[in-house]
Structure formats: C-alpha cells, structure tokens
Amino acid sequence: MDEHPVESGIPLRRSAKVLAVVAFVVAVGTVMAVEPLRAHTAPPVADMPAGIKVPLGIPADVVAAMIPVDNPMTPQKIELGRELFFDKRLSDDRTVSCATCHDPAIALTTADPVSIGIRNQKTARNAPTVFNSMFNELQFWDGRAVSLEEQSKGPLTNPLEMGMKDHDAVVARVKSITEYAPKFTAVFGSEGITIDTVAKAIAAFERTQLSGNAPFDRFMAGDAVAISASAKRGWDLFNGKARCISCHAWNPSSPFFTDYKFHNVGVAAKDRNFTALAREALRVLQSNKNLEATLDELALREGTSELGRFLITRQPRDIGAFKTPTLRDIELTAPYFHNGSEKTLLDAVNFYDKGGEPNPNLDGGIRKLSLTDAEKADLVEFLKTLTSDDVRGAMLNQKPQTREPAR
Ligand code: HEC
Ligand code: HEC
C-alpha cells in the first residue's frame, strides 16, 4: 500500500543493532540455539531505574532496548534532566524552557497552532508531544535529529525558540547557576557541565515520559468492553476503508501508530511555491558553515519550513513530506498537523476524507475516502480511545507554564 521507495534515513543505531543481532545469530546460533535470543540482545529490563513504570500497551523490552548504552538512566540523572527541562534560565531572556512548549498541563505540547518562543516569536511548526518520543527513529517533523540527545541541542540555540547565541553560551549559562555544578559532578563526574552532558540529562528525563494504559490498550489486552461499539467500528475503519493503518502503523512490538516514515499528505501544499522555496533553501544551505544550526533555522522559519523532509535529504520527492506522528493522546494535543492547521479530530478526518491536498508529491496512500458522517464519527471515537488515563490524570494536577522571567 505504501508506494514510497524505502527511506534512506534509517538511523545508524538501529541498523547497527540489527547487524549485531545477525552477527550474534551467525556466531553462536548453532551452539546455543535453545537460549531465547532476546536475553542476549536487549539489556535486561532491570536496567530501567526504579520508580519508572512501563505502562500497559508498551513493551518493556522495547523500552530497555532503546536506552542508549552511552547514556544509561539513573535516578539522579533523570532528576537533573527534569530540572533542566523546566528551567527557563536556559533561554536567552529567561522566559522559555522546554516545558513552555512541551507543557505537562497539555500532554507535553501547547495549544498554540505553531510554537511561540522568546520575545513572542512565532515558529512555523506545531510542538509534538514528548511522550513516547524515545521510540522515534528520527526526531522532529522532518527527522533532522537522530537521537533525543541531538534533538535537545536544537531549541536551545534556535533564535525563534530559546535563542541562546551558541552552545558555549548555553554551557556558560548553566555554569553560572551555582546549584548545577555539584549535580553535574555527581552524575557525570569529571566531565562536568558540557553541551553533551546537558543533552544527556535532558534525554534521560524524556525517556521516563511514557504513554500507554489507554482504553485501547485494555481492549487489546482482552477487555472487550474497554471501548465503545462506535470506537470498535472506528478501529475497523482505521484498518480498512479509511486506510489510516498504512502509515499510522500499530503492532504489539511497535504500538505507537506510526511507521516513523515521511509522507506528503498535502498539509503543506496550500499556496506554496515549492520550487522557489527549494531554491532559496539550497542557496542558504550551500553558503553556510554551520549546517546543523542553519537547518534548524530553515525548519522553523515560515516558508522554508513547508519543504519538510526535503531540507534534510534534498530529494525532490521529499518536498512537503513530514514524519507520521504518533496518534497516542491525540485527543489532548489539538490543533493538528505540523503547522497546527486543523482544529479538531473531525477536521483532520475530513482532510483525509477529501483525499488530502492535491500536489505533485502527494503520497500514493492518500486518496478520496467517501466516508459517511457516521463513519467519520466512529473514527473520531476510536482516536479518543488512544488517550492514556495516566497522561489525562497527570494533566489535571498541573498548572499551565507561564512566561514570567525566571529570577
Ligand atoms: C518555542 C517552543 C519550543 C521549545 C522552547 C522547545 N521545543 Fe521541542 N519542539 C517544538 C517544536 C515546534 C517542535 C517541532 C520542530 C520541528 O519538527 O522542526 C519540537 C520538537 C521536539 C521534539 C521532537 C518530537 C518528535 O516527535 O519528533 C522533542 C523530543 C522536543 N521538541 C524536546 C524539546 C526539548 C528537550 C526542549 C528544551 C531543550 C524543547 N523541545 C524546547 C517546540 C519547542
Ligand atoms: C500516507 C500516510 C498517511 C495516511 C494514510 C494517514 N496518515 Fe495521518 N498523518 C500522516 C502524516 C505524514 C502526518 C503529518 C502530516 C503533516 O503534518 O504534514 C499525519 C498526521 C495525522 C494527524 C495529526 C497528528 C498530530 O499530532 O498533529 C492525525 C490526527 C492523523 N494523521 C490521523 C489520520 C487518520 C485518522 C487517518 C486515516 C483516515 C490517517 N491519518 C491516514 C500520514 C498518514
């Protein structure tokens, strides 16, 4: 059903892992074939620090396998990462933290169609949730970061987001906050405060932000009445007539409703002169020394943002293609799409029903669906069963973040 060529952007760590498994099987498979393979390939689940519960519907062995060996999770590191994530002093004018845009009161997103950074500057993209982001094969709507560690370095210095001059300035700022030095020493020893240790601590915290235990998970675990008859019809449509499953993939070992691939469903296609935008982006990219920072700026800037995956691959077929997002907690994270252009779930369903937005790069999987009003309502009911009880519950105990400057 997916008429895309295979993505070239498979992150190294995954392919390396697969190769290691293959090598292992070849090397010892005949000798110790009775041993379960998993015991040798994934670190033991006990590596998850105490106090972190893997929720129903999320396989614990997948969680364990996704924790990088060079950034093990410890309670102290997680706590340090949590403090950094909520610390507005990491932004140029001390008004914006990671949590400003990934607010626990709104399922680690905001209600703004596009994110707003320091000095009320508008970016061109909607903030995705951080829940389950540890499972993303690539980070960002266009996949320009290969890990959570790499991802977290972007917003700190993006001029529209937290606006620090460069990573040295971030390190200097963290060093100027006296309470951090002993904490970094306790967690990272003599390495102390560097941009990499800042990123590692934040990523370790993010890996504790898991979302499962939704009515759908209980339904799949055998509780036949966990979701309504309407939602069950919606799940059938999701798998059938509505064709959603072809990109929003679900299976027990990757239960996140995404194929982690990039598709042009037409959201970016309205009123855009892609040829001119692509030419401008290529000119800027070719003339610039700091490729990473330049990419990050182009990605969040009105106009070039809409090029999507093209900015990274420079393949014309990737123009207007964005990463398939998870649909977990989707009821809580309106508005929708990479630019926040659809207000409600029904609006998003209507967008698909009409066959997206025609454009030369429209994904082959997108076509007119001719759903009835009742079918659309069933699909929306189904999408609402993907809301985690834990995430919804935690939201009720949170005050929204403010932009009052930190002292
Ligand atoms: C001004 C708002 C803003 C701030 C501040 C911000 N983010 Fe984001 N975040 C966004 C937006 C918008 C995106 C999507 C950008 C893109 O795809 O190009 C994003 C993407 C992400 C992603 C990728 C999720 C995915 O599904 O691909 C993660 C993880 C993340 N942010 C974590 C952080 C961390 C950690 C910080 C602090 C160091 C932070 N963010 C600061 C708005 C913000
Ligand atoms: C061809 C692949 C594909 C198919 C088929 C598909 N989607 Fe998507 N979906 C995507 C991509 C890619 C995005 C992000 C697009 C963007 O923002 O430019 C997305 C975004 C969404 C969003 C917004 C998520 C968010 O966090 O903002 C919702 C809701 C959604 N899809 C639901 C559905 C439903 C329901 C169906 C079936 C009717 C469906 N999708 C079919 C690929 C697909």
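Just so you know, ligand 1 is whichever comes first in the structure, and atom 1 is the first atom listed for that ligand.
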Salt bridge check, Asp142 against Lys323: does any charged N sit closer than 4.0 Å to a carboxylate O? no
Give me the nearest non-hydrogen protein atom to atom 28 (C) of ligand 2 as residue plus atom name, then the distance to 0.1 Å. Leu327 CD2, 3.7 Å
How close does the nearest protein non-hydrogen atom get to atom 38 (C) of ligand 1, and which residue and atom is it? Cys98 SG, 2.6 Å
Close N or O approach (Ser152, ligand 1; < 3.5 Å): no
Roughly how far apart are Thr157 OG1 and Leu90 CG, rounded to 0.5 Å? 11.5 Å
Val96 neighbourhood, listing ligand 1 atoms whose heavy-atom distance to it stays under 4.0 Å: 5 (C)
Approximate separation, where rounding is to 0.5 Å, of Asp259 CG and His248 NE2: 8.0 Å
Sub-4.0 Å atoms of ligand 1 with respect to non-hydrogen atoms of Gly117: 1 (C)
Does ligand 1 have any atom that is closer than 4.0 Å to a heavy atom of Ile116? yes
With a cut-off of 4.0 Å, which atoms of ligand 1 are near a heavy atom of Leu148? 29 (C)
Can an N or O of Arg125 be found at a distance shorter than 3.5 Å from an N or O of ligand 1? yes
Judged by non-hydrogen atoms, does Asn136 sit under 4.0 Å from ligand 1? yes
Just to be sure I read this right, does ligand 2 sit under 4.0 Å from the backbone of His248, its side chain, both, or neither, counting only heavy atoms? side chain
How are the rings of Trp235 and Trp250 set relative to one another: parallel (under 30°), tilted (30 to 60°) or perpendicular (over 60°)? perpendicular
Hey, does the side chain of Tyr336 reach the backbone of Pro113 with a donor-acceptor pair shorter than 3.5 angstrom? no
Where is the nearest protein heavy atom to atom 16 (C) of ligand 2: which residue, which atom, and how far? His338 ND1, 3.2 Å
Check the pair Asn264, Asn359 against side chain to side chain donor-acceptor pair (under 3.5 Å), reporting the backbone distance first and the verdict last. CA-CA 9 Å; Asn264 174 325; Asn359 73 87; 2.9 Å; yes
Given Gly81, Ala127, Pro128, Ser91, identify the one with the heavy atom nearest to atom 19 (C) of ligand 1. Pro128
Atom 31 (N) of ligand 1 [closest protein heavy-atom partner, distance rounded to 0.1 Å]: His102 NE2, 2.9 Å
Closest to atom 37 (C) of ligand 2 among protein heavy atoms sits Cys244 SG, 1.9 Å
I'd like to know if Ile245 contacts ligand 2, where contact means a heavy-atom distance under 4.0 Å to any ligand atom. no
Once the angle between the rings of Phe216 and Phe257 is folded into 0 to 90°, is it parallel (under 30°), tilted (30 to 60°) or perpendicular (over 60°)? perpendicular
Per-atom contacts, ligand 2 versus Tyr336 - under 4.0 Å to a heavy atom: 23 (C), 27 (O)
Ligand 2 and Phe337, any nitrogen or oxygen pair closer than 3.5 angstrom? yes
So is Lys153 in contact with ligand 1, going by heavy-atom distances below 4.0 Å? no
Say whether Phe140, considering both its backbone and side-chain N or O atoms, lies within less than 3.5 Å of an N or O atom on ligand 1. yes
Does Ser97 reach ligand 1, in the sense of a heavy atom lying below 4.0 Å from it? yes
With nothing but distance in play, are any N or O atoms of Tyr352 less than 3.5 Å from an N or O of ligand 2? yes
Whether Lys122 and Asp112 form a salt bridge (side-chain N of Lys/Arg under 4.0 Å from carboxylate O of Asp/Glu) is what I want to check. no
Residue, atom name and distance, where the atom is the protein heavy atom closest to atom 12 (C) of ligand 2: Phe322 O, 3.2 Å
Number the atoms of ligand 1 from 1 as they appear, then name those within less than 4.0 Å of a heavy atom of Leu300, with their elements. 15 (C), 18 (O)
Nearest non-hydrogen contact to atom 14 (C) of ligand 2 from the set Ala242, Pro325, Ala268 belongs to Pro325
Short N/O distance, under 3.5 Å, between Trp141 and ligand 2? no
Residue Gln139 vicinity, atoms of ligand 1 by number, heavy atom under 4.0 Å: 23 (C), 24 (C), 25 (C), 27 (O), 29 (C)
Quick one: look up the protein heavy atom nearest atom 22 (C) of ligand 1 and list residue, atom name and how far away it is. Gln151 NE2, 3.5 Å
May I ask you to check whether Lys323 has an N/O atom sitting below 3.5 Å from an N/O atom of ligand 1? yes
The closest protein heavy-atom partner of atom 4 (C) of ligand 2 is Cys247 SG, 3.4 Å
Using a strict cut-off of 4.0 Å, indicate which atoms of ligand 1 neighbour a heavy atom of Ile202. 35 (C)
Could you check atom 2 (C) of ligand 1 against the protein and tell me its nearest heavy-atom contact, residue, atom and distance included? Cys101 SG, 1.9 Å
Report, in ascending order of atom number, the atoms of ligand 2 lying under 4.0 Å from any heavy atom of Ser246. 5 (C)
State if Ile330 counts as touching ligand 2 under the rule of any non-hydrogen atom under 4.0 Å. yes
